Amino acid sequence: MNRIGFGTDIHRLVAGRPLILGGVQIESDLGGDGHSDADVLMHAAADAVLGALALGDLGTHFPNDDERWRNAASSQFLSYAVDLIRERGYAVANIDSVIDLEAPKLRPHIDAMRANLATALLIDIDQVSVKAKTGEKVDAVGTRAAVRAQAIVLVRKI
Ligand SMILES: [Zn+2]
């Protein structure tokens with residue numbers, strides 16, 4: 001039996017914070033604001049995995065007023081979500097995702113992000129798709145006010 005999950009996330013971009021996407025730190029004058037490392041791709045992926053089995057969302061499992069998660073590496077949120085579905089007899093089949101960021105260009109970092117997601121999801125890199133788009137200079141992404149990510153995950157009974 002297959003099930004599908006969807007996740008989306010957005011963080012404000014601010015000066016003085018690192019830009020971390022898919023577990024990769026990217027050279028940038030602006031970084032994601034937030035309680036954890038503000039990794040929108042990891043957060044969207046974790047929400048997608050949780051959503052596939054209707055297990056709530058990231059905020060349910062990791063309240064952002066909990067000091068334990070301050071500046072936490074978000075790969076641990078994704079690993080936690082994967083543990084929850086594996087306890088229920090499911091594994092991830094594949095993931096597709098999109099990052100919306102005006103600058104810098106993400107192409108040089110895509111394969112490193114795919115590798116990090118594959119590790120956390122316990123799947124091969126060829127089961128992981130990461131795409132990058134700009135905001136065409138409009139809306140919160142296009143004006144560099146925010147970075148956004150969306151992910152969709154198929155899980156299968158094992
Ligand atoms: Zn987030």
Side-chain angles (χ1 to χ4, degrees), residues 3-86 92 94-107 109-123 128-135 138-155:
R3 296 180 62 135
I4 196 165
F6 175 68
T8 180
D9 194 32
I10 187 167
H11 282 259
R12 289 190 309 126
L13 287 172
V14 295
R17 287 270 301 177
L19 180 64
I20 298 172
L21 295 170
V24 178
Q25 184 159 346
I26 291 155
E27 192 77 33
S28 172
D29 55 332
L30 303 176
D33 196 17
H35 186 69
S36 67
D37 64 7
D39 188 331
V40 284
L41 180 56
M42 286 287 179
H43 294 178
D47 259 1
V49 170
L50 292 172
L53 292 191
L55 298 174
D57 62 20
L58 214 49
T60 319
H61 296 277
F62 297 97
N64 66 8
D65 56 359
D66 189 328
E67 282 303 310
R68 278 179 299 168
W69 313 118
R70 179 175 295 280
N71 296 319
S74 293
S75 57
Q76 67 185 275
F77 301 151
L78 186 54
S79 293
Y80 172 85
V82 171
D83 285 347
L84 287 186
I85 69 161
R86 289 184 78 86
V92 173
N94 75 300
I95 179 170
D96 189 15
S97 62
V98 181
I99 302 168
D100 294 316
L101 181 72
E102 193 66 13
K105 289 274 174 264
L106 295 178
R107 187 172 301 277
H109 308 289
I110 293 289
D111 283 345
M113 295 182 204
R114 292 174 64 213
N116 288 341
L117 284 175
T119 298
L121 292 166
L122 306 176
I123 55 181
V128 179
S129 166
V130 175
K131 297 172 295 196
K133 297 184 76 75
T134 73
V138 296
D139 84 16
V141 169
T143 57
R144 300 197 73 206
V147 55
R148 181 191 297 121
Q150 299 177 88
I152 189 163
V153 166
L154 187 73
V155 303

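Note that the coordinates shown come from a computational prediction; the quantities given were computed from them, not determined experimentally. One-based numbering, in listed order, for ligands and for the atoms of each. Just so you know, these numbers use all the heavy atoms, side chains as well, and skip hydrogens, waters and symmetry mates.
- Not counting sequence neighbours, the partners of Thr134 by the side-chain contact (heavy atoms from CB on, under 4.5 Å) test are Glu102, Lys105, Glu136.
- Here the options are Asp96, Val98, Asn94, the test is side-chain contact (heavy atoms from CB on, under 4.5 Å), and the partner is Ile152; only Asp96 passes.
- The pair Asp111-Arg114 meets the salt-bridge criterion, since a charged nitrogen lies less than 4.0 angstrom from a carboxylate oxygen.
- For the side-chain hydrogen bond (donor to acceptor under 3.5 Å, both in side chains) criterion with Ser74, the lone passing option out of Asp39, Asp37, Asn116 is Asp37.
- Atom CZ of Arg12 has 12 or fewer heavy atoms from other residues, nucleotides or ligands within 6.0 Å.
- Looking at His61, its side chain never comes within 3.5 Å of a backbone N or O of Gly56 through a donor-acceptor pair.
- Protein atoms that are N, O or S and lie under 2.8 Å from the Zn ion (ligand 1) are these: Asp9 OD2, His11 NE2, His43 ND1.
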